Amino acid sequence: MLQIQRNRRRCRAAVEYARFRQRISIRMKQNSSWLDPSASRETARRELAMLISRFAPVDGAHQTAIPSLTFYRYSAPADLGCGVTSSAFVFAAQGAKRVVVAGQAYDYDHLHCLVTSVDLPMTSRVTRASSDAPYLCVKLTLDPQRIVELATQLHLPEPDAASAGEGIAVGSLSAPVFDAALRLVRLLDAPGDIPVLAPLIEKELLYRLMTSEQGKRLRHIAISGSQTYRIARAIEWIQKHYTELLRVEILAQEVNMSVSSLHHHFKNVTTLSPLQYQKQLRLHEARRLLLGQNGDVGSVAIRVGYDSPSQFSREYSRLFGAPPLRDVVQLRRQNGVGFGE
């Protein structure tokens, strides 16, 4: 029954989208002055929102036929809990969202995009959404190998050895970037074109990003020997060993840095020290496990690397503002029984 309902929604959305494109075509023929920049951008945004709505008919995450492209839909404001960001380009065609990393908030919508260059523990909340105008989001996962290949092909200057700054930022969503994203999404209506055209449009989109204000930050993650590249390796090591005792001197040896240099550049990229990063990874994973009812507080504390349940509860309360059980109850009450990723 649920599948039948989804199919009906998709059919209705497809008909609405076809009518929408027909109206655009008629207006363009009748009045060329209609294509002023602001009107054109808003029309394109509405088209993108309709496309996402069709391929994401219910709330949640929706992987598309393009492997790097994911849609998200939510019909009401909601806390989406904890997670770890990956290298990605994200923006909303409709609605708005807030991501919090190390206490710093990053807000994006249809005019602003979020770019992340390293993995960071974060919490997020959909801040603007309704049943009539749901939050509709585009996420494109960025491949560091493609970044270095494109930088080499374009003969872009290598960034200096210094860090490019924090591994997450919000910037203006430019018209060329938005246009490339829209054309990529349109390919979902032509599955046979995806193998040939999707890589080309993704390359264009990456080119637009790398020659924008985010370009230096993105190039840093792919240049062997840059400080951001080494910090990305350190982050990967911590993620693999986050339940173990962290010795910073051993981590520094792993990434060929001095302890002082590791501390300085790690905090520059993540806004956290290595030990703080590990602690947040543990607590975010514990919150996810508790929300999924995968054990009681004591067993979850041990599972994520704590020896003392009381220390776990204190640090959990400090980060999330309430003891574990109370926090989980509040989140479930706010979001219903289900909990969005």
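Here the structure is a predicted model, which means the values were calculated and not measured. When a residue number appears, it is its place in the shown sequence, counting from 1.
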Novice: Any non-hydrogen side-chain atom of L283 less than 4.5 Å from a side-chain atom of K279?
Specialist: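 They are in contact (side-chain heavy atoms under 4.5 Å apart), so the answer is yes.
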Novice: Measuring from atom CG of L246 to atom CD of Q276, what distance do you get when rounded to the nearest 0.5 angstrom?
Specialist: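 Separation between the atoms: 11.5 Å.
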Novice: Between H112 and D109, is any side-chain donor less than 3.5 angstrom from a side-chain acceptor?
Specialist: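 Yes - a donor-acceptor pair under 3.5 Å links their side chains.
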Novice: How long is the gap from CD on Q253 to CG on L262, to the nearest 0.5 Å?
Specialist: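 These two atoms lie 11.0 Å from each other.
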Novice: Would a 4.5 Å heavy-atom cut-off, applied to side chains only, mark F312 and P324 as touching?
Specialist: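 Sidechains of P324 and F312: in contact.
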Novice: If we only count heavy atoms from C-beta on, is the I168 to Y106 side-chain gap below 4.5 Å?
Specialist: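 Yes, at least one pair of side-chain atoms sits under 4.5 Å.
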Novice: Assess whether a salt bridge exists between R303 and E285, defined as any Lys/Arg side-chain N lying under 4.0 Å from an Asp/Glu carboxylate O.
Specialist: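 No.
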Novice: Just do the side chain to side chain contact (heavy atoms under 4.5 Å, CB included) check on L120 and M122 with the steps written out, would you?
Specialist: CA-CA 6 Å; L120 297 168; M122 58 88 180; 5.6 Å; no
Novice: Determine yes or no for a side-chain-to-main-chain donor-acceptor pair under 3.5 angstrom, with E315 supplying the side chain and L319 the backbone.
Specialist: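 No, the answer is negative, given that no donor and acceptor are paired below the 3.5 Å cut-off.
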Novice: Do any N or O atoms from the side chain of T116 and from the backbone of S86 form a donor-acceptor pair under 3.5 angstrom?
Specialist: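 Yes; judged by distance alone, with no hydrogens or angles, the pair exists.
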Novice: Using modelled atom types only, decide if a donor and an acceptor are shared between the side chain of S87 and the backbone of L142 within a distance under 3.5 Å.
Specialist: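 Absent.
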Novice: Taking the basic N atoms (NZ, or NE/NH1/NH2) and the acidic carboxylate oxygens, is any pair closer than 4.0 Å for R54 and D189?
Specialist: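 Yes, R54 and D189 are salt-bridged.
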Novice: Are any side-chain N or O atoms of T127 and backbone N or O atoms of A96, one a donor and one an acceptor, separated by less than 3.5 Å?
Specialist: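 Looks like yes, one N/O pair under 3.5 Å.
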Novice: Are any non-hydrogen side-chain atoms of V99 and L114 less than 4.5 angstrom apart?
Specialist: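 SC-SC contact between V99 and L114 confirmed.
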Novice: Going only through I, L, V, M, F, W and Y residues with side-chain contacts under 4.5 Å, is there a path from L154 to V177?
Specialist: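 Same cluster.
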Novice: To the nearest 0.5 Å, how far apart are CG in L205 and CG in D179?
Specialist: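 Separation between the atoms: 9.5 Å.
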Novice: Other residues, nucleotides and ligands only: do more than 12 of their heavy atoms fall within 6.0 Å of OH on Y207?
Specialist: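 Count not over threshold, so no.
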Novice: For residues L245 and V304: do they belong to one hydrophobic cluster (side chain heavy atoms under 4.5 Å, members Ile, Leu, Val, Met, Phe, Trp, Tyr)?
Specialist: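 As far as the 4.5 Å side-chain criterion goes, V304 and L245 are not connected within one cluster.
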Novice: Measure from the side-chain N and O atoms of R45 to the backbone N and O of A93, and report whether any donor-acceptor pair falls under 3.5 Å.
Specialist: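 It does hold such a pair.
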Novice: When you measure from the side chain of R208 to the backbone of P176, do you find a donor-acceptor pair of N or O atoms at a distance under 3.5 Å?
Specialist: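 Absent.
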Novice: Could you list the residues that satisfy side-chain hydrogen bond (donor to acceptor under 3.5 Å, both in side chains) with T64, not counting sequence neighbours?
Specialist: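 side-chain hydrogen bond (donor to acceptor under 3.5 Å, both in side chains) list for T64, sorted by chain: empty.
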Novice: For K97 and Y108, run side chain to side chain contact (heavy atoms under 4.5 Å, CB included): C-alpha distance rounded to whole Å, both residues' side-chain angles, the deciding distance at 0.1 Å, then the answer.
Specialist: CA-CA 6 Å; K97 185 178 180 182; Y108 63 90; 3.0 Å; yes
Novice: With side chains defined as the heavy atoms from C-beta onward, is the minimum distance between F320 and L331 less than 4.5 Å?
Specialist: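 Answer no - side chains too far apart.
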Novice: I need the L197 CG to R186 CZ distance, nearest 0.5 Å.
Specialist: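 With rounding to 0.5 Å, CG (L197) is 13.0 Å from CZ (R186).
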Novice: Mind checking the CD1-CD spacing from I235 to Q239? Nearest 0.5 Å is all I need.
Specialist: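 Rounded to the nearest 0.5 Å, the CD1-CD separation comes out at 7.0 Å.
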Novice: Parallel, tilted or perpendicular: which fits the ring planes of F55 and F71, with parallel below 30° and perpendicular above 60°?
Specialist: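 F55 and F71: tilted rings.
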Novice: May I ask you to test the L48-F91 pair for a side-chain heavy-atom distance under 4.5 Å?
Specialist: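 Contact flag for L48/F91 side chains = yes.
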Novice: Can you establish whether the number of heavy atoms outside R98 located under 6.0 Å from its atom CZ is more than 12?
Specialist: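 Not buried by this count: 12 neighbours or fewer within 6.0 Å.
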Novice: How close do R41 and S174 get, counting heavy atoms only, and between which atoms?
Specialist: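 For R41 versus S174, the nearest heavy atoms are NH1-C, 4.1 Å.
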Novice: Carefully, step by step, assess Y277 and V269 under the rule side chain to side chain contact (heavy atoms under 4.5 Å, CB included).
Specialist: CA-CA 11 Å; Y277 184 95; V269 171; over 6 Å; no
Novice: Name the residue from I66, L140, L69 that meets the side chain to side chain contact (heavy atoms under 4.5 Å, CB included) definition with V185.
Specialist: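 With V185 as partner, I66, L140, L69 yield a single side chain to side chain contact (heavy atoms under 4.5 Å, CB included), made by L69.
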Novice: Identify the heavy atoms of C82 and H284 that sit nearest to each other, and give their distance.
Specialist: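 Shortest heavy-atom contact: CB-CD2, 3.2 Å.
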Novice: Using modelled atom types only, decide if a donor and an acceptor are shared between the side chain of S53 and the backbone of M50 within a distance under 3.5 Å.
Specialist: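 Not a single qualifying donor-acceptor pair exists.
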Novice: Taking a hydrophobic cluster as the set of Ile, Leu, Val, Met, Phe, Trp and Tyr residues connected by side-chain heavy atoms closer than 4.5 Å, whether directly or through intermediates, do I302 and V328 fall within one such cluster?
Specialist: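 As far as the 4.5 Å side-chain criterion goes, V328 and I302 are not connected within one cluster.
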Novice: Specify the closest pair of heavy atoms between A49 and Q94, including all atoms of both residues, with the distance to one decimal.
Specialist: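 Closest approach of A49 to Q94, heavy atoms only: CB-OE1, 4.1 Å.
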Novice: Would you check if the side chain of S313 reaches a backbone N or O of P323 as a donor-acceptor pair within less than 3.5 Å?
Specialist: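 Such a contact is absent between S313 side chain and P323 backbone.
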Novice: Quick check for you: to the nearest 0.5 Å, what is the distance between R247 atom CZ and E254 atom CD?
Specialist: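 Going from the CZ atom of R247 to the CD atom of E254 covers 14.0 Å.
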Novice: Using a 4.5 Å cut-off on heavy atoms from C-beta on, say whether the side chain of R287 contacts that of Y316.
Specialist: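 Counting from C-beta outward, Y316 and R287 do come under 4.5 Å.
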Novice: Decide whether S68 and E202 meet the rule of one side-chain donor and one side-chain acceptor closer than 3.5 Å.
Specialist: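 Yes, a side-chain donor-acceptor pair sits under 3.5 Å.
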Novice: Pair R46, E42 - check salt bridge (Lys or Arg N to Asp or Glu O under 4.0 Å), show working.
Specialist: CA-CA 6 Å; R46 289 172 54 201; E42 173 58 18; 5.0 Å; no
Novice: Compare all side-chain heavy atoms of Q278 with those of L275 and state whether any distance is below 4.5 angstrom.
Specialist: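 Yes; the side chains approach each other to less than 4.5 Å.
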Novice: Assess R282 against Y306: is NZ or CZ under 6.0 Å from the centre of the six-membered ring, and within 45 degrees of the ring's axis?
Specialist: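 Verdict for Y306: a cation-pi partner in R282.
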Novice: Do the side chains of L290 and V84 join up, straight or via other hydrophobic residues, at under 4.5 Å, putting them in one cluster?
Specialist: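 Hydrophobic grouping puts L290 with V84.
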Novice: Please say yes or no: joined through hydrophobic side-chain contacts below 4.5 Å, possibly via intermediate residues, are V259 and I238 part of one cluster?
Specialist: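 Yes.
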Novice: Measure from the side-chain N and O atoms of R332 to the backbone N and O of L291, and report whether any donor-acceptor pair falls under 3.5 Å.
Specialist: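 Side chain of R332 to backbone of L291: a pair is present.
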Novice: Is there a side chain to side chain contact (heavy atoms under 4.5 Å, CB included) between I52 and Y72 once you walk through the steps?
Specialist: CA-CA 8 Å; I52 297 172; Y72 296 85; over 6 Å; no
